[in-house]
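Order of appearance sets the numbers: ligands from 1, and atoms from 1 within every ligand.
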Amino acid sequence: MKKLLLTAGILIAGILSIHAQQQIVIQTPKTALVYTVTKEKKLEQVYFGEALLHTDEYNKIKPTPIDAFVQGDMSVVREPAIQVTHADGNPSVQLLFDNVSSEQPDNNTTITHITLKDPVYPFEETLHYKAYQAENVIEQWTTIKHTEKAAVTLNRYASAELQLKEQKYFLTHFYGDWGNEMRMEETPLPEGIHSIESKLGSRATNFDLPSFLLSINKPAEEETGEVIAGTLAWSGNFRLLFENVRYSEDFQDLLQIQPGINPYASAYQLNPNETFTTPSFIYTYTKNGKGQASRNLHAWALNYGIYHAKQHRQTLLNNWETTFFNFDEQKLNALFDDAKKLGVDLFLLDDGWFGNKYPRNNDNAGLGDWDANAKKLPNGISSLVNQAEAKGVKFGIWLEPEMVNPKSELYEKHPDWIIKLPNRPENLRRNQLVLDLTNPAVQEHVFGVVDKVMQLNKNIAYIKWDCNRYMSNTYSTYLGDKQGQLYVDYVRGLYNVLQKVRAQYPDLEMMLCSGGGGRAEYGGLKYFQEFWPSDNTDAISRIYIQWGYSYFFPAATICAHVTSWGKQSIKFRTDVASMGKLGFDIQVASLKPEELAYCQKAVANFGRLQNLIGFGSLYRLISPWQNNCSSLMYTDEQKNKAVLFAFNIQSRFADVYPKILLNGLDANKKYKVQEINLTNDNRPAYRQSGHVFSGDYLMKQGIEWYLNEALSSSVLELTAVQ
Ligand code: DGJ
């Protein structure tokens, strides 16, 4: 028996029955994940890696000696991907293969569902796999349901399990802290269990990113080497677990990868007939290095992962670093003029505009009371929007609707809406507390905050959604004896609100911010076009931070503002910010005329090139982590246009520099290489600016490093000619 799905001659998901053993193939043109169903109805993984040419040859491979989705059956000695306590108290789960089905929603995707059932209890789990053909990406998640007499407790519920059997693994872990996001370190994966996780509740990251790179056998380079890039789309506690055992008679060389919600304090009571859906784990496998892995994920993100991913982004002037809480209508009016002068699309009003009984003049009061402060803004928000519009700039606004200061009317009115333990002192961070989004009334309230502000003036064109603390003292009055649901249901509550916001305001551009980069993950980006990567806006730091994010996120999502944090030239700062989604947060009045002229030019160039930068194919050419300089470039799909950024970060006497070997061009095309973003003297640093070279030359011979001064930068625009 043979049941295959074929598109354009390519096997994309197949179910084969060979020698009475059923084989399930989940496949993109480049990658295959293959399972077999044994005679005992166990699901075992046969293969994961580069797709074989002949599907029937998967049959020759010995499966891994363990369940494909390791079960907490109280006999297992490896980490279980699922572990539950049944309604009658039995703490074991056994899952046997029941059925598999595939569907093909469109020409690019196949979805395979494998259902496993407990032979004794009416309990089942379905493993879902969505294979994206053009992007070479697989998305996995699971659903769990049962019809037992009472709730079943889910103790562990990974989104996926991948098994590998190779000699060595090298894990790149992305980590950091406030102002120090996206440090990266590649280390050999040690024996035993290694886990990257967070317990922050209201955000996924800040310390560790729910994303990783895993090089196989040796550290992958940018364009060579075997690597998996994976990311979990979840805005709360996560765990990426790697169990790596080389020296074991039974499981030799077996690596299990289990990404999912962190089971910490999250034993979840699943009622009969309810379905528990885990977040998605999205990953790609390639033999062409970390660069290709990033391009695959970017392509997936731009086509499927990010809300309105290809929407035109509005450049902006933000007032956070220039005014903090200290502004009034007059000051803002001057900033509208500044935005106009810069040539950006929009002015973004940050924190500090609300609160009357408890004015928001610093971060210890007013959060939760979303009425404009009458002293600072006597004519209200709507009038501000009109004033900005009259000056030819659009208006955006900052909100942090999930949070509350104890000094607020909201806190006085709804103490039961706050996450805090009974009989314990309140635990403030940034003088604030988290609202309990597990409670539908709170969800309604949070949606109402956004809706009310948006109703003030239909021309509000942008929202920056902040979340400035993680959870502590974690307890929900609403959940009562079901505290195990808190971490999970908080995130689900947030997603409920965001779904409503999106239903109401589908085209609104929204930035996801969380005290810097606390929410850099794809669960949130389903509702936002972009995110705030870090409060650290020093241009040197940003070269590293943005480089780190670029492994997983396309440039259109990475907000980058020119500020006065770093003391580099305005050109250097603006060029760094132009590698992401350009914005400003700077005293425009203090710019010298030539600096302002530079910014205007850079804004215009960004306007022209934003699609190429934001949605193009990224090639990381020279890493700042290994050099005293850095360079990367973006190319368009047709390989007709490219833009290259180069930075001298720190030069010392007699330093040597690498050549810039370009990539992603068409070897057979000729390109005019023109330096843009020139300062007022109009002298290009790249002396051959304006010359024409073949793609072949630029990729083989490249460009000799030409920025010899510390803290200098250059932007080259390449255009195919003839
Ligand atoms: C943290 C954000 O990351 C900043 O950009 C700013 O919006 C502040 N919050 C405002 O409180």
Side-chain angles (χ1 to χ4, degrees), residues 176-182 200 202-207 235 316-327 332 335 346-355 358-370 372-373 376 395-408 428-435 449-450 453 462-470 509-521 524-525 528 530-539 541-542 545-546 549 557-566 573 577 580-587:
D177 199 345
W178 178 85
N180 194 8
E181 288 89 343
M182 291 309 271
L200 302 173
S202 52
R203 49 167 75 148
T205 170
N206 215 198
F207 305 140
S235 309
L316 57 83
L317 175 68
N318 186 200
N319 68 315
W320 176 242
E321 288 195 31
T322 49
T323 66
F324 292 105
F325 298 93
N326 182 16
F327 56 81
L332 295 183
L335 292 174
L346 180 137
F347 172 78
L348 169 61
L349 175 61
D350 215 287
D351 195 355
W353 59 267
F354 47 89
Y358 301 103
R360 180 79 170 165
N361 291 329
N362 51 46
D363 62 21
N364 69 18
L367 200 57
D369 301 344
W370 298 101
N373 177 276
K376 287 180 189 172
F395 185 90
I397 196 158
W398 177 95
L399 290 172
E400 194 181 4
E402 297 160 74
M403 304 281 163
V404 62
N405 283 133
K407 270 197 200 162
S408 70
L428 301 180
R429 292 192 70 83
R430 208 196 190 214
N431 306 307
Q432 66 191 55
L433 295 157
V434 185
L435 292 177
V449 169
V450 183
V453 167
Y462 191 93
I463 280 184
K464 174 178 179 183
W465 182 302
D466 211 341
C467 159
N468 274 300
R469 67 159 291 171
Y470 56 79
E509 188 174 341
M510 298 212 297
M511 178 212 279
L512 178 55
C513 173
S514 184
R519 279 185 169 165
E521 48 74 32
L525 282 173
F528 292 81
E530 59 217 46
F531 68 93
W532 184 237
S534 175
D535 279 352
N536 182 344
T537 51
D538 166 62
S541 304
R542 275 304 187 108
I545 292 171
Q546 292 170 202
Y549 284 116
T557 61
I558 303 175
C559 295
H561 294 177
V562 179
T563 73
S564 303
W565 183 323
R573 285 178 276 156
K581 189 230 151 175
L582 178 67
F584 291 80
D585 192 344
I586 197 167
Q587 296 278 5

*Counting only N and O atoms by type, is there a donor-acceptor contact under 3.5 Å from the side chain of Ser408 to the main-chain atoms of Val404?*
no
*Under-4.0 Å salt bridge between Arg430 and Asp351*: yes
_Contacts of type ring-ring contact (aromatic ring centres under 6.0 Å, His included), residue Trp565, not counting sequence neighbours_ = none
*Side-chain touch Phe327/Leu349, heavy atoms, less than 4.5 angstrom*: yes
*asked:* Salt bridge check, Glu181 against Arg203: does any charged N sit closer than 4.0 Å to a carboxylate O?
replied: no
_Residue shell around ligand 1, heavy atom under 4.0 angstrom_ = Trp320, Asp350, Asp351, Trp398, Arg430, Lys464, Asp466, Asn468, Cys513, Gly515, Gly516, Trp532, Asp535
*Might you work through the side-chain hydrogen bond (donor to acceptor under 3.5 Å, both in side chains) test for Thr537 and Glu321, ending with a clear yes or no?*
CA-CA 10 Å; Thr537 51; Glu321 288 195 31; 2.8 Å; yes
